[in-house]
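To start, the structure itself, in structure tokens.
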Amino acid sequence: MNQHRTTHHTAYWTYNDHLELPVIVMVHGFRGTHHGLDLVARQMNGYRIIVPDIPGYGATEPLECEHSVENYVSWLNKFIKDLQLAEPPVLMGHSFGSIIAASFAASNPKSIAKLILVNPIGAPALKGPRATLSKISSAYFWFGSKLPERAATKWFSSNAFSKASVTAMVKTNDKEIKKYINDQHKKNLSPNTNKRVISESYKASVSSTVRDWATGISVPTLLIAGDLDDVTSLDKQYELADMFPNASIEVIKNVGHLTQYETPVEVADAIKKFLR
């Protein structure tokens, strides 16, 4: 059973909320909320899971400053400190959350025990196998940023764009899983329509990759990759893993960038194996 809590303007959800359990803090991706990691969190018996909505998304208010990687890292540092945990937690990030988590790990190595990066952004989005689609996305977000706030809200709430994004990333042929993912995106992405937040965080998501910090991350690290991920191809994920001083990689077959939706059990099993 998950519980909703708030600390210093950050809304977060907890699972297996027993203080004696080892803690994993999970950071979701661009335009997501804690809902995106719910299926994985529910598989993590034996661990206390804490999943915040990052600033500007879900139930957490936007930052007063720019929504840059640096400022998201500052927020995460304060959030973890405010939890007042007995031991440093394991930190996990998915997609854009992997960028935030990697930057945090490089600058705060004593604040976490281990690092887990799920579908990490391991290569520039505008140069990957989906470069054309990424450029179309950039044009979409750029155009939205130029609209008046009311029109931008309608633009960024487009179900058509959300469905197209899911179609591009989902690899399963299971109609029920596809429907679930589309429903989740429709329900949880559409409300996140603050023009400033979306524009600034999108810029942050395509301006950095985990490679920018990999060589400086000293904590044990696990990369979880989908072998069909078009955002960062598998060969680039292996290259990324080799850049870390102490990292291993777990590859999940027949899945793309949304492993947390398509294969949550496999993601959870990889995490448990790594932490054991």
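Nothing fancy with the numbering, it's 1 onward along the sequence. Given the structure is predicted, the values throughout are model-derived calculations rather than measurements.
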(Q) Count I, L, V, M, F, W, Y as connected when their side-chain heavy atoms are under 4.5 Å apart, and connections chain through other members. Are L39 and I181 then in the same cluster? (A) yes
Q. Out of curiosity, does L21 fall in the hydrophobic cluster containing Y15 (side-chain heavy atoms, cut-off under 4.5 Å, transitive links)?
A. no
Just how far is it from atom [atom1] of [X] to atom [atom2] of [Y], taken to the nearest 0.5 Å?
X    : Y    : atom1 : atom2 : value
K179 : I177 : NZ    : CD1   : 13.0 Å
L275 : I271 : CG    : CD1   : 7.0 Å
I217 : L115 : CD1   : CG    : 5.5 Å

Q) Given side chains that start at C-beta, do those of Y238 and V251 come closer than 4.5 Å, heavy atoms only? A) yes
Between [X] (side chain only) and [Y] (backbone N and O only), is there a donor and an acceptor less than 3.5 Å apart?
X    : Y   : result
E87  : P22 : no
N16  : Y47 : yes
S103 : I99 : no

Q: Give every residue pair that meets the ring pair (Phe, Tyr, Trp, His ring centres under 6.0 Å) criterion with at least one member in residues 78-104, sequence neighbours excluded.
A: Y12-F79, Y72-F96, W75-F79, H94-H257
Whether [Y] and [X] form a salt bridge (side-chain N of Lys/Arg under 4.0 Å from carboxylate O of Asp/Glu) is what I want to check.
X    : Y    : result
K171 : D227 : no
D82  : K78  : yes
E266 : K253 : no

Q: Take the angle between the ring planes of Y202 and F30 and call it parallel below 30°, perpendicular above 60°, tilted in between.
A: tilted
Q: Might you point out which heavy atoms bring H28 and I54 nearest each other, and give the distance in Å?
A: NE2-N, 3.0 Å
Q: Please report the shortest heavy-atom distance between T232 and A123, naming the atom on each side.
A: OG1-N, 3.7 Å
Side chains of residues 61-69: which donor-acceptor partners sit under 3.5 Å, not counting sequence neighbours?
{"residue": "H67", "atom": "ND1", "partner": "E200", "partner atom": "OE1", "Å": "2.9"}
{"residue": "H67", "atom": "NE2", "partner": "L63", "partner atom": "N", "Å": "2.9"}
{"residue": "S68", "atom": "OG", "partner": "N71", "partner atom": "N", "Å": "3.2"}
{"residue": "S68", "atom": "OG", "partner": "N71", "partner atom": "ND2", "Å": "3.2"}

